[in-house]
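Scroll down for the structure; my scribbles are underneath it.
Every number for a ligand or one of its atoms is a count from 1 in the order of the listing. For this chain, numbers begin at 1 and follow the sequence in order.
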Amino acid sequence: MAKPAILTVDDDPAVLQSIARDLRKQYGKNHQVVPAGSGAEALEILHQLVLRESPIALIVSDQRMPNMVGTTFLGQARSVVPTAKLVLLTAYADTDVAIKSINDLGLHHYLLKPWDPPEDRLYPVLDDLLTGWRRAHPDSDGGVRVVGHRWSDRSHEIKTFLARNHIPYVWLDVDQNEEARTLREAANATAATELPLVLLPDRDPLRAPSMRELATALDLHTTADKPLYDLCIVGAGPAGLAGAVYGASEGLQTVIIEGSAPGGQAGQSARIENYLGFEHGLSGADLAERAFRQAKRFKAEMVLAREVVGLEARGPVRAVRFDDGTEIEARTILIASGVSYQRLEAPGLGEFVNQGVYYGANATDAPATEGQEVYVVGGANSAGQAVLNLARCAKKVVLLVRSSALEKGMSQYLVDDIRAKEN
Ligand SMILES: Cc1cc2nc3c(=O)[nH]c(=O)nc-3n(C[C@H](O)[C@H](O)[C@H](O)COP(=O)(O)OP(=O)(O)OC[C@H]3O[C@@H](n4cnc5c(N)ncnc54)[C@H](O)[C@@H]3O)c2cc1C
């Protein structure tokens with residue numbers, strides 16, 4: 001499948017060239033950037049892309065253009081590609097038009113010219129919009145495919161790792177899907193130990209890869225750049241990410257080491273309602289991604305898929321040891337490693353962990369329970385959020401609670417929402 005398109009429209013050739021260059025620089029690896037010199041030309045291109053079944057993720061249009069102004073063009077573009085994100089690039093004098101279009105047209109954002117530096121005035125908004133678009137179209141870029149057995153713990157770990165790192169993927173179950181069997185044959189992965197296969201564009205198949213092998217293949221940053229930092233933070237949950245923002249914003253050379261994915265427990269939350277400043281709530285994935293980007297903007301370095309296994313005092317510095325025996329040093333270490341799940345002591349349960357029995361439910365796990373009956377064990381907020389999340393897809397969700405009333409361990413808003421669910 002073709003890369004999702006970003007269409008940019010401006011009647012001034014110099015401006016068009018400049019915005020197309022900035023868009024290619026930031027998004028060219030995963031998107032085709034298509035410039036157009038007028039609304040009419042852009043509509044023609046949109047029709048061609050739709051006919052070729054090329055996905056269109058984003059349209060960035062100038063407002064003041066002869067023959068067809070930006071808002072008129074975007075209105076027409078919206079009926080051709082209703083799912084594309086729409087952005088108006090305006091001069092200051094046109095902000096009233098832009099604000100009105102947010103309601104009238106469903107415009108997603110407006111940006112002011114000039115957009116220099118794009119790192120501050122263009123990319124943050126477009127990053128948000130493209131992330132939202134990708135979440136709604138996980139199979140759009142023909143990127144990562146995971147081929148494996150549904151009840152395999154390795155398949156589950158890999159899918160969870162991809163989801164928590166916001167990497168869209170297509171899951172192909174070898175027990176149910178003809179394409180999965182064909183791909184397995186093509187890769188000659190006859191042994192069960194070679195599954196799951198992870199297929200990436202222009203690469204040999206990865207056979208039952210470790211998290212580090214997968215992270216490296218995906219170009220995630222897995223090795224610290226420097227031997228010595230002012231501040232090393234272990235864990236990129238909300239606490240670690242906040243530490244990185246404050247440390248790096250004070251000018252400390254900051255590195256954050258995360259064993260899995262940014263966001264920690266919060267990254268698994270379908271909806272966080274009590275985070276200061278977000279009056280309508282936001283998903284844990286959204287919170288994690290915003291915090292991750294904020295820390296990176298202050299030049300904090302993020303090292304992913306690396307486990308810290310040891311610390312050692314060494315004069316004025318501390319050595320931080322990784323699972324592969326390598327190490328870095330830091331003047332200060334902040335341990336923000338959070339908590340891990342308390343294990344349920346039920347005989348025989350251990351052998352089914354990640355093979356039908358799971359600790360915690362990611363927001364992305366719900367579709368796998370379509371039409372099924374799911375049991376959730378626990379009586380506090382994580383269990384409550386899991387119930388609401390799974391009830392979107394499962395036929396029936398049964399909550400097993402030790403205490404006599406849900407209210408004893410769960411926030412009232414979750415109790416109310418659960419009681420309002422029919423299944
Ligand atoms: C499903 C769910 C929903 C929730 N909803 C809400 C809510 O709505 N409101 C609310 O206030 N709270 C909520 N919480 C609780 C909230 O998410 C936690 O309180 C918060 O995430 C704790 O943050 P933390 O950074 O201290 O630790 P964590 O989030 O646990 O993060 C710790 C991080 O450290 C990493 N790590 C651990 N050890 C190592 C190591 N040795 N090397 C490298 N990395 C390591 C882990 O991989 C992890 O990413 C929810 C929790 C869950 C599970």
Considering non-hydrogen atoms of the protein only, which is the closest contact for [atom], and what is the distance?
{"atom": "atom 42 (N) of ligand 1", "answer": "Val308 N, 2.9 Å"}
{"atom": "atom 23 (O) of ligand 1", "answer": "Pro238 CD, 3.3 Å"}
{"atom": "atom 27 (O) of ligand 1", "answer": "Gly338 CA, 3.2 Å"}
{"atom": "atom 29 (O) of ligand 1", "answer": "Gln265 N, 2.8 Å"}
{"atom": "atom 40 (C) of ligand 1", "answer": "Glu307 OE2, 3.6 Å"}
{"atom": "atom 38 (N) of ligand 1", "answer": "Ser337 CB, 3.5 Å"}
{"atom": "atom 31 (O) of ligand 1", "answer": "Gly237 CA, 3.4 Å"}
{"atom": "atom 2 (C) of ligand 1", "answer": "Ser382 OG, 3.7 Å"}

- Could any protein non-hydrogen atom be found less than 4.0 Å from atom 19 (O) of ligand 1? no
- Query: Within a distance of under 4.0 Å, is there any protein heavy atom near atom 14 (N) of ligand 1?
  - Reply: no
- Is the shortest distance from a Lys or Arg side-chain nitrogen in Glu407 or Arg419 to a carboxylate oxygen in the other one below 4.0 Å?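 Judged by the 4.0 Å cut-off on N to carboxylate O distance, Glu407 and Arg419 do form a salt bridge.
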- So, are Arg321 and Glu312 salt-bridged, with charged N and O less than 4.0 Å apart? yes
Counting each atom of ligand 1 from 1 as listed, which ones have a heavy atom of [X] under 4.0 Å away?
{"X": "Ala266", "value": "17 (O), 21 (O)"}
{"X": "Gly264", "value": "29 (O), 31 (O), 48 (C), 49 (O)"}
{"X": "Asn274", "value": "7 (C), 8 (O), 9 (N), 10 (C), 11 (O)"}
{"X": "Ile257", "value": "43 (C), 44 (N)"}

So, is [X] polar-close to ligand 1, with some N/O to N/O distance under 3.5 Å?
{"X": "Glu273", "answer": "no"}
{"X": "Val234", "answer": "no"}
{"X": "Ala239", "answer": "yes"}

- Query: Among all residues two or more places apart in sequence or in another chain, which pass the ring pair (Phe, Tyr, Trp, His ring centres under 6.0 Å) test with Tyr358?
  - Reply: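 Scan of Tyr358 (ring pair (Phe, Tyr, Trp, His ring centres under 6.0 Å), adjacent residues dropped) gives His156.
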Option set [options], criterion heavy-atom distance to [atom], minimum:
{"atom": "atom 36 (N) of ligand 1", "options": "Ala380, Ala386, Gly235", "result": "Gly235"}
{"atom": "atom 48 (C) of ligand 1", "options": "Glu258, Arg306, Gln385", "result": "Glu258"}
{"atom": "atom 53 (C) of ligand 1", "options": "Tyr275, Tyr359, Phe322, Tyr341", "result": "Tyr341"}
{"atom": "atom 43 (C) of ligand 1", "options": "Ala291, Gly259, Ser340, Ala242", "result": "Gly259"}

Establish, from distance only, whether the side-chain atoms of [X] and [Y] form a donor-acceptor pair under 3.5 Å.
{"X": "Lys408", "Y": "Ser404", "answer": "yes"}
{"X": "Thr131", "Y": "Glu289", "answer": "yes"}
{"X": "Asp173", "Y": "His149", "answer": "no"}

- Can Val339 be said to touch ligand 1, with heavy atoms closer than 4.0 Å?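 So Val339 counts as touching ligand 1.
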- Message: Can you tell me if Ala336 contacts ligand 1 (heavy atom of the residue under 4.0 Å from the ligand)?
- Response: yes
- Task: Side-chain contact test, heavy atoms from C-beta onward, threshold under 4.5 Å: evaluate it for Leu46 versus Ile59 and give yes or no.
- Result: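 Answer yes - side chains close enough.
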Does [X] [atom1] have over 12 foreign heavy atoms under 6.0 Å away?
{"X": "Arg212", "atom1": "CZ", "value": "yes"}
{"X": "Lys113", "atom1": "NZ", "value": "yes"}
{"X": "Tyr275", "atom1": "OH", "value": "no"}

- Query: side chain to side chain donor-acceptor pair (under 3.5 Å) between Ser269 and Gln385: does it pass, once the steps are laid out?
  - Reply: CA-CA 7 Å; Ser269 178; Gln385 288 205 0; 2.6 Å; yes
- Task: Report yes or no: does Ser155 contribute a side-chain atom to a donor-acceptor pair with the main-chain N or O of Trp151 at less than 3.5 Å?
- Result: no
Distance-only criterion, 3.5 Å: show the donor-acceptor pairs between side-chain atoms of residues 300-310 and protein atoms not counting sequence neighbours.
unit_1, atom_1, unit_2, atom_2, d
Glu301, OE1, Tyr229, OH, 2.7
Glu301, OE2, His221, NE2, 2.9
Glu301, OE2, Asp225, N, 2.7
Glu301, OE2, Tyr229, OH, 3.3
Arg306, NH1, Thr222, O, 2.7
Arg306, NH2, Asp324, OD1, 2.8
Arg306, NH2, Asp324, OD2, 2.9
Arg306, NH2, Thr326, OG1, 3.0

- Query: Checking Arg343 against Tyr359: charged group under 6.0 Å from the ring centre and within 45 degrees of the axis?
  - Reply: yes
